[in-house]
Protein chains: 2
Amino acid sequence: MSAGELRGRKPRADVQRNRAALLETAQRHFLQHGVGTSLEAVAKEAGVGPGTLYRHFPTREALLAAVLQTRSEELAARQADIKRLDDPAEALEQWLRAMEDYFSAFSGLPDPLMAAARAQEPDNPLTIPCDILISATDQYVRAAQLAGRVRASVRGHDLFLAACSVAWIKGTGTEEEPLDRLRTLIANGYSQGDTPA
Amino acid sequence: MSAGELRGRKPRADVQRNRAALLETAQRHFLQHGVGTSLEAVAKEAGVGPGTLYRHFPTREALLAAVLQTRSEELAARQADIKRLDDPAEALEQWLRAMEDYFSAFSGLPDPLMAAARAQEPDNPLTIPCDILISATDQYVRAAQLAGRVRASVRGHDLFLAACSVAWIKGTGTEEEPLDRLRTLIANGYSQGDTPA
DNA sequence: CATCAAAGCGGATGCTGCCTCCGTATGCAT
DNA sequence: ATGCATACGGAGGCAGCATCCGCTTTGATG
């Protein structure tokens, strides 16, 4: 009568069920097998045909972006915590770590992410999230620069790239220890006014 | 009689011709389409069947390693130049750049390279080159540390990872300018005693 | 030069995954 | 209950990987 007609005409029932099942299954497969996982397998396990999967998500990137939406909310939550910090340098560091975790949610994720960050094709559904993240990073960088904790030459985009790199290396299966050494190297690279040795 | 029996028994003629043709064609395809290029296409263009390709190079990595051999010689040549430098910090910087160029010879190369560097399966033909490069980097690092130009906490392996990262980003099609900013960031990260701002 | 066995060749083959198209089933409104 | 728009899903065409095996080529031998 009235409530259902919010927009256009009719949101069908099975559509939403299928979409939800696909997202749930896709997330599991991305987690277990990386972003290159077989979409056919995802469809089959979700109990739908390949056609249905491709109608809902025309490209692998579209599916990836939709699954990543969930993770984005986690990231937003973390950002809320970070914003409460007094120390802008500490905030920046934690933000970088949060981005890195986000980027390494699935093995192989950094590649399509970088592709989206570079190309200004607005049809790539991963482009928007990337732009947002770069802007956010820039905020943190500027705040830390005002406090004299970060070199003036550094930009948000630089640290976005750095976080992406670390996430990529993480995804190749490198141990945690060398990874931490690399993080330190990067932190030394952008910091100013402390960490003498 | 005697000359042909250098080792074992007989180096056949077509074997060498095919091998050479495969390497030449593979290099072109790797350059143009990245390391993920179709091996079938390589075989066809080299004028051999798929079977022949796989007999010569059982895996993609094997072919890659063989093609990379050529590049390794270029790298060695560059290393000779670098060793003549007086300034160890300058030497380190140039060496990192040389490695980076080596890593980004073909798009997508850093991935199998990292896989080889991590896994201690000696059957992966890319493992040995990686180990050599890490050791070499360590040499340059130590020399620069003795001169007080590089932080004591830095290791060769860290900068190997860093160079690999930059090469990876380069391979994703990023512009040269942000790339250079990242290099600067890394240089600031390992340097000591200069680059104040 | 003719012969022979070993060594190498290459294409046919089976498999997996991608993506599309369209006849059919399904859910919603009347 | 009926009609119709909407969505389903599987068959099918395509590309690439990797293997196997009957046949050719090659170099050695007399």
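Computed from heavy atoms alone, side chains included, the values below leave out hydrogens, waters and symmetry copies. Everything numeric here is computed off the predicted structure, so don't read it as measured data.
- An OP1 or OP2 oxygen of D:dC8 is reached within less than 4.0 angstrom by a side-chain nitrogen or oxygen of A:Asn18.
- Between the side chain of B:Thr137 and the backbone N or O of B:Leu133, at least one donor-acceptor pair lies under 3.5 Å.
- Using a 4.0 Å heavy-atom distance criterion, B:Arg17 is classed as a sugar-phosphate-only contact.
- In this entry the distance linking CZ of A:Arg12 with C1' of D:dA7 reads 5 Å, nearest Å.
- In this structure, B:Arg19 places its CZ atom 12 Å from P of C:dC9, rounding to the nearest Å.
- In this entry the distance linking CZ of A:Phe57 with C1' of C:dT20 reads 18 Å, nearest Å.
- In the set D:dT26, D:dC8, C:dC9, the nucleotide with an atom closest to the side chain of B:Ala13 is D:dT26.
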Considering only distance and modelled atom types, tabulate donor-acceptor pairs under 3.5 Å from the side chains of residues 31-46 of chain B, sequence neighbours left out.
unit_1  : atom_1 : unit_2  : atom_2 : d
B:Ser38 : OG     : B:Glu40 : N      : 3.3
B:Ser38 : OG     : B:Ala41 : N      : 3.1
B:Glu45 : OE1    : B:His29 : NE2    : 2.8
B:Glu45 : OE2    : B:Arg28 : NH2    : 2.1

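- When each of C:dC9, D:dG27, D:dA5 is scored by its nearest atom to the side-chain atoms of B:Asp14, the top-ranked nucleotide is C:dC9.
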Go through it in stages, so that I can follow the logic: the residues are B:Ser165 and A:Trp168, the test is side chain to side chain donor-acceptor pair (under 3.5 Å), and I'd like the CA-CA distance, side-chain angles, deciding distance and then a yes or no.
CA-CA 8 Å; B:Ser165 298; A:Trp168 171 72; over 6 Å; no
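- Using a 4.0 Å cut-off between charged nitrogen and carboxylate oxygen, B:Glu175 and B:Lys170 do not count as a salt-bridge pair.
- Looking only at side-chain heavy atoms (C-beta outward), B:Pro112 and B:Leu64 come within less than 4.5 Å of each other.
- Evaluation of the side-chain hydrogen bond (donor to acceptor under 3.5 Å, both in side chains) test over residues 62-74 of chain A, restricted to residues two or more places apart or in two chains, returns A:Ser72-A:Tyr102.
- Spacing between atom CG of A:Leu53 and atom P of D:dC8 amounts to 11 Å, rounded to whole angstrom units.
- A straight line from NE2 of A:His29 to P of C:dG17 spans 11 Å, rounded to a whole angstrom.
- The side chain of A:His56 places an N or O atom within less than 4.0 Å of a non-bridging phosphate oxygen (OP1 or OP2) of D:dC8.
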Readout for nucleotides 13-22 of chain D: B = base within 4.0 Å of protein heavy atom, S = sugar-phosphate only, - = neither; 5' to 3' it is ---SBBBB--
